[in-house]
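One-based numbering along the sequence shown. The structure presented is a predicted model; accordingly, all values stated were derived computationally and were not measured. The figures that follow rest on heavy atoms only: side chains count, while hydrogens, waters and symmetry mates do not.
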Amino acid sequence: MKATATAISLPSASWSNVSIMSLSHFTSDFFCNVLPIMLPILAARYGISYSQSAALFMVFSVSTNFLQPPIGIWADKRPVNYLMPLSILTGAFFASIVGWSPNIYVLIFIILLSGICSSAFHPISAGIVHDISPKRHQTFATSIYIAGGNLGFAIAPLIIAAFIEQFTDKNLPFLFLFALIVTLMVYKQRLFVTPPRNENSSEPQINLKSIIKSKQFIFLNTSIALRSWCYCALVVFLPLLLTAHGYSTVESGLALMCLLVGTVFGGLATGGLSDKYGLRTLIVSTYVLTIAALGFFLWRLDISFISMVALFLAGAGMYGSTPAAIVWAQRLLPRNAAFAASMMLGFTFGMGYVESVITGFVGDLFGLRVGLIATIFPALVLAIIIILALKEPPKATDVNLKNI
């Protein structure tokens, strides 16, 4: 009789599987960016005000970001990897049918379901990447995974806008076919199978009380949340800032895409550098790059080529710290990879959107440009101070990574 470990066909640690997980991340984040493009159409259709439109976006953001940590805890305790492909399918489905809602109440329900379904992807998929990554190149593999999501989020506005202009929003469900194909690829590679946990490991299971007492983990999350404030505030306010300075909606949208494409580059470019320079040095360097590039852009505040380069570099700096932060968190919690990643990819960004309300408040009082300068730069400086005060976890903890 065969042992259970050999009876189950487990996904292998390979670059091909890392690539499929990156494509899965692309797909999930692509459909997460449908709503911002649909908001003007929905506002005109249902007579929704600006504040109501913002409230709709918050329904999605809060449901998809703040649910991730509890899902991560669940994923570290139970074999729930099967929810990852299901999350791709359901999140994409509900996002693609927002144009079908007959009234505002059904619309809110659809958006809420889309956020809830999407929330399961990041913590579970990041745990899967943790398992299938070649162990000597874990940070680089994580950066490939991150880059896929960033790319999907960055190009979604242009693709979705072009699709709606050509075929109307009623036909958005046709894009769901792409999510179906990617899901089938995940099933073919058996990436939904949860590897058996080493119950005899000396590493403790997740304990919220111990995490709350862990200064290393709390301060790491605080630093990344302050960095996320910068990212979220720019995603929300950059188009408004440029429009207020006389640029068209298209020009503002292209500037935002330039920033988001920069995040793709940053997340990918820094992945292979941590082995040479260390996680802390890498994170601090990306923060400094963000301060310099974003300061230059806000000083000029135009859409010239050099300003777009600065905006691109600011995006690269903001997201360049993400792969290193995920690996840092997973080294601190080697048996709780899903929870650690969910905090880096979910909770910190949820906090970023909450913090960006402060930027908006200051912007209402003194102008949006001043609001961004007065909030983002102090946040980034504080983020640097926090990281410098932390002790980087040694690579030796990698030996405790889950075996496949």
Side-chain angles (χ1 to χ4, degrees), residues 23-68 71 82-122 124-125 149 151-187 235-236 239 249-250 253 256-257 260 346 350 353:
L23 180 61
S24 300
H25 198 184
F26 173 98
T27 307
S28 179
D29 280 18
F30 178 92
F31 285 97
C32 281
N33 214 13
V34 169
L35 186 58
I37 303 303
M38 284 294 297
L39 278 177
I41 298 173
L42 298 172
R45 184 173 298 165
Y46 301 115
I48 301 173
S49 67
Y50 288 128
S51 60
Q52 289 171 329
S53 296
L56 283 177
F57 189 77
M58 286 301 297
V59 167
F60 177 83
S61 298
V62 170
S63 62
T64 195
N65 285 310
F66 286 110
L67 282 177
Q68 290 188 39
I71 292 175
Y82 65 88
L83 290 177
M84 187 272 290
L86 185 62
S87 175
I88 298 174
L89 277 180
T90 54
F93 173 75
F94 287 116
S96 64
I97 65 169
V98 290
W100 285 10
S101 56
N103 55 61
I104 185 66
Y105 303 106
V106 175
L107 174 64
I108 294 173
F109 185 63
I110 291 174
I111 291 173
L112 180 62
L113 286 177
S114 179
I116 292 173
C117 291
S118 300
S119 67
F121 177 81
H122 285 102
I124 297 175
S125 65
L151 183 60
F153 195 82
I155 70 173
L158 283 182
I159 293 179
I160 294 169
F163 184 92
I164 292 174
E165 184 176 344
Q166 186 70 28
F167 303 107
T168 78
D169 62 286
K170 301 296 183 181
N171 291 308
L172 272 178
F174 282 107
L175 292 178
F176 171 73
L177 294 175
F178 177 68
L180 179 60
I181 293 172
V182 173
T183 302
L184 291 175
M185 294 174 65
V186 169
Y187 272 98
V235 168
V236 173
T249 303
V250 173
L256 179 59
M257 191 184 74
L260 295 177
Y353 282 111

Approximate separation, where rounding is to 0.5 Å, of S96 OG and K170 NZ: 12.5 Å
Measure the spacing between CG of L42 and CD1 of I104 and express it to the nearest 0.5 Å. 7.5 Å
Would you say S114 and V98 make side-chain contact, with heavy atoms under 4.5 Å? no
Work out which heavy atom in A154 is nearest to a heavy atom in M257; give both atom names and the distance. O-CG, 3.7 Å
Just do the side chain to side chain contact (heavy atoms under 4.5 Å, CB included) check on N171 and F163 with the steps written out, would you? CA-CA 9 Å; N171 291 308; F163 184 92; 4.1 Å; yes
How would you list, by chain and number, every residue that makes a ring-ring contact (aromatic ring centres under 6.0 Å, His included) with F178, sequence neighbours excluded? none
Count the heavy atoms belonging to other residues, nucleotides or ligands that lie under 6.0 Å from CZ of F109, then report whether that count exceeds 12. no
Test log, rule side chain to side chain contact (heavy atoms under 4.5 Å, CB included), inputs F60 and C32: CA-CA 9 Å; F60 177 83; C32 281; 3.8 Å; yes
Return the minimal non-hydrogen interatomic distance between S118 and T64, and the atom names on each side. CB-OG1, 3.6 Å
Keeping S119 on the side-chain end and N65 on the backbone end, is there a donor-acceptor pair under 3.5 Å? no
What is the distance from atom CZ of R45 to atom CG of D169, rounded to the nearest 0.5 Å? 4.5 Å
Answer yes or no: does atom CZ of F174 have more than 12 heavy-atom neighbours from other residues, nucleotides or ligands under 6.0 Å? no
Can you tell me how the ring of F30 sits relative to the ring of F26, calling it parallel under 30°, perpendicular over 60° and tilted otherwise? parallel
Show the nearest heavy-atom pair for residues L89 and L180, with the distance to one decimal. CD2-CA, 3.8 Å
Residue pair F176, I97: steps toward the side chain to side chain contact (heavy atoms under 4.5 Å, CB included) verdict: CA-CA 9 Å; F176 171 73; I97 65 169; over 6 Å; no
L175 side chain reached by F31 side chain, heavy atoms, under 4.5 Å: yes
With rounding to the nearest 0.5 angstrom, report the CG to CD1 distance, L67 to I71. 5.5 Å
Give me each pair satisfying side chain to side chain donor-acceptor pair (under 3.5 Å) with a member in residues 25-35, each pair once, sequence neighbours excluded. H25-D29, H25-H122, D29-H122
Gap separating the CG atom of L35 from the CD1 atom of I111, nearest 0.5 angstrom: 4.5 Å
What is the minimum heavy-atom distance between T183 and P85, and which atoms define it? CG2-CB, 3.7 Å
V106 meets the side-chain contact (heavy atoms from CB on, under 4.5 Å) criterion, sequence neighbours left out, with S101, P102, N103, I110
Begin with the C-alpha distance, continue with both residues' side-chain angles, and end with the deciding distance and a verdict on side chain to side chain contact (heavy atoms under 4.5 Å, CB included) for M38 and I164. CA-CA 9 Å; M38 284 294 297; I164 292 174; 3.5 Å; yes
